[in-house]
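Working notes for the structure below.
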There are 2 protein chains.
Amino acid sequence: MLNMRSSSDLTTRARIRNAALELFGIHGAGQVSIRAIADAAGVSPALVVHHFESKEGLRRACDAYVTGLIRGEEDDDPLQYPAELAALLRDSVPVRRYLARAFLDGSADAAAIFDGFVEVTQTWLEEGRHDGTVRPTDDPRARAALYVAWQLAPLVFDTHLARVLGLNDPYEPDSTLRIMRAGLHMLTHGVFADGHALAAWTTAQAEEDSA
Amino acid sequence: MLNMRSSSDLTTRARIRNAALELFGIHGAGQVSIRAIADAAGVSPALVVHHFESKEGLRRACDAYVTGLIRGEEDDDPLQYPAELAALLRDSVPVRRYLARAFLDGSADAAAIFDGFVEVTQTWLEEGRHDGTVRPTDDPRARAALYVAWQLAPLVFDTHLARVLGLNDPYEPDSTLRIMRAGLHMLTHGVFADGHALAAWTTAQAEEDSA
DNA sequence: CAGCATGCTAAACGATTGTTCAGCCTGCTT
DNA sequence: AAGCAGGCTGAACAATCGTTTAGCATGCTG
């Protein structure tokens with residue numbers, strides 16, 4: 001039944017999907033042809049269609065694969081454990097890039113993933129607030145949403161962050177660690193020492209309202 | 001010399017560029033054909049090439065246009081004034097989308113823009129530190145870089161943020177304002193009440209080092 | 001007035017695209 | 001042994017792609 005004619009231990013179908021995931025993530029789905037994917041996977045273009053019906057089907061399969069990775073193996077799981085999730089996004093560069101593009105392209109799966117992140121984050125922050133480890137806020141929803149967007153920002157801007165930090169490889173651990181440390185520092189001690197920024201924004205807002 | 005045969009007050013060349021900017025921003029350059037741009041601008045496909053030499057040239061022109069908007073009219077300006085810049089990114093949806101994609105696609109102009117943002121932000125934060133309005137940090141570079149990435153995050157995730165906040169239109173002012181307020185709150189008062197998050201990360205880091 | 005550059009179009013070019021088709025090979029089943 | 005299902009390929013399909021060409025119209029310049 002199983003025809004393992006490749007040297008890899010992966011199914012041919014999986015190899016095609018992985019190749020597509022990587023190329024889609026790097027160049028965007030529109031810039032990648034079925035032939036390029038077939039070449040990268042070492043198969044014929046016809047086989048790609050044979051396994052995934054169409055290019056759209058292949059893109060959906062990539063979406064489903066990434067969604068599965070993030071949701072975890074069990075279907076009833078809303079989300080992976082945060083630690084495993086962080087490790088996943090840290091280690092797999094193709095998944096990072098694909099996800100970043102999916103968020104921008106507005107795919108339904110990416111939207112569901114984002115919503116899941118926000119839900120988990122909001123309850124987590126709420127729990128921390130009860131414990132006293134997280135500061136209260138008058139807009140928990142907006143805070144959770146923005147917190148998620150901020151956590152995902154390095155996923156989109158990793159190239160630029162690494163370049164600004166003077167690192168050649170955007171994916172060497174040092175870059176990620178420095179960024180994480182700086183982020184935790186900002187979210188723990190804050191950036192603005194007093195309420196001047198908030199006040200300035202409030203007054204600017206009032207002026208705009210009156211205008 | 002000037003042949004204004006269109007009802008608009010824009011040059012035909014500018015209309016083509018604007019159409020390209022919008023379509024590129026929405027779908028990505030690879031998904032948009034010259035014919036689609038020509039249709040949107042109300043001209044023939046050949047005219048697009050006539051004005052911009054090639055599709056790549058059109059993409060470069062869009063890059064240059066956005067760069068010009070951000071840098072300001074004068075060439076010696078490193079960057080627009082923050083207020084005008086914020087207004088620009090707030091009001092022009094096509095520019096937002098185009099920029100977001102440019103950051104992800106890793107265009108050279110987008111990289112230069114990001115670097116400029118970081119430079120301005122870092123000196124601005126440094127000044128604030130001297131004034132006492134900004135808290136000190138042991139990694140000013142990483143903080144400035146991440147600050148920029150966080151400020152740009154809504155540009156990429158605006159659709160998702162608006163959806164999570166229960167708003168239909170991602171670009172109605174309410175969405176932006178709520179997000180800005182939440183962000184300022186997080187950067188002023190912090191999110192974590194004590195050093196537990198930083199400490200947890202430090203110990204996890206130590207474990208990983210020893211492993 | 002002629003001459004010429006410029007804005008612009010219609011038509012067509014070859015290349016590449018996603019997709020289909022006919023058929024080969026392999027391994028399992030009966 | 002016969003037959004069949006499935007992985008897989010090469011060749012070809014029509015459509016669309018970016019680009020080129022020839023030519024029309026306009027308006028400036030000599």
Side-chain angles (χ1 to χ4, degrees), chain A residues 1-65 98 101-102 105 107, chain B residues 1-65 98 101-102 105 107:
Chain A
M1 179 185 176
L2 289 178
N3 187 3
M4 298 293 202
R5 69 167 54 185
S6 86
S7 61
S8 165
D9 57 340
L10 289 170
T11 318
T12 305
R13 193 187 139 94
R15 261 190 306 127
I16 296 173
R17 176 184 30 72
N18 285 353
L21 192 82
E22 177 161 5
L23 290 176
F24 284 167
I26 294 176
H27 302 107
Q31 297 274 28
V32 179
S33 67
I34 287 191
R35 283 170 176 81
I37 297 168
D39 271 4
V43 298
S44 71
L47 188 61
V48 176
V49 180
H50 172 72
H51 276 302
F52 298 94
E53 193 169 358
S54 72
K55 189 182 178 182
E56 244 303 293
L58 178 53
R59 228 220 56 251
R60 279 197 302 267
C62 288
D63 271 21
Y65 175 66
Y98 187 89
R101 271 224 150 68
D105 290 337
S107 92
Chain B
M1 180 183 176
L2 290 177
N3 186 2
M4 298 295 202
R5 68 168 54 185
S6 87
S7 62
S8 165
D9 57 340
L10 288 171
T11 319
T12 305
R13 193 187 138 93
R15 261 191 305 128
I16 296 173
R17 175 182 34 71
N18 284 353
L21 192 81
E22 177 160 3
L23 290 176
F24 283 168
I26 295 176
H27 302 107
Q31 297 274 29
V32 178
S33 67
I34 287 190
R35 283 169 175 83
I37 297 169
D39 271 4
V43 298
S44 71
L47 188 61
V48 176
V49 179
H50 172 72
H51 276 301
F52 298 94
E53 195 169 357
S54 69
K55 188 182 179 182
E56 244 303 293
L58 178 54
R59 228 220 56 251
R60 280 198 302 268
C62 289
D63 272 20
Y65 174 66
Y98 186 87
R101 256 186 216 287
D105 290 336
S107 93

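Being a predicted model, the structure only gives us computed values, none of them experimental. Here is the naming used below: chain letters follow the sequence lines, and residue numbers restart at 1 for every chain.
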Legend entry - Over all atoms of both residues, closest heavy-atom pair of B:Arg15 and B:Ala41: NH1-O, 2.6 Å
Legend entry - B:Phe52 CZ - C:dC8 P separation (whole Å): 11 Å
Legend entry - Spacing of B:Glu53 atom CD relative to D:dT19 atom P, expressed in whole Å: 9 Å
Inset, instruction - Compare every heavy atom of B:Val48 with every heavy atom of B:Val43, then report the nearest pair and how far apart it is. - result: CG2-CG2, 4.2 Å
Legend entry - Side-chain ion pair, B:Arg35 and B:Asp39, N-O less than 4.0 Å: no
Legend entry - Rounded distance in Å - CD1 (B:Ile16) to C1' (C:dG7): 10 Å
Inset, instruction - Residues of residues 34-48 of chain A with any non-hydrogen atom less than 4.0 angstrom from an atom of DNA chain C: list those, numerically ordered, please. - result: A:Ile34, A:Arg35, A:Ala46
Legend entry - Closest approach of B:Arg17 to B:Phe52 (non-hydrogen atoms, all atoms of both residues): CB-CZ, 4.1 Å
Inset, instruction - Specify the separation, in whole Å, of atom NE2 of B:His50 and atom P of D:dG23. - result: 17 Å
Inset, instruction - Looking only at non-hydrogen atoms, find the nearest pair between A:Phe24 and A:Cys62 and report the distance. - result: CD1-SG, 4.2 Å
Inset, instruction - Could you work out which one of C:dG7, C:dT17, C:dT19 sits closest to the side chain of A:Ser33? - result: C:dT17
Inset, instruction - Could you check how far NE2 of A:His51 sits from C1' of D:dT9, rounded to whole Å? - result: 12 Å
Legend entry - Heavy-atom closest pair, residues A:Ile34 and A:Lys55: CD1-CB, 4.0 Å
Legend entry - Value in whole Å for how far the C1' atom of C:dA15 lies from NZ of B:Lys55: 14 Å
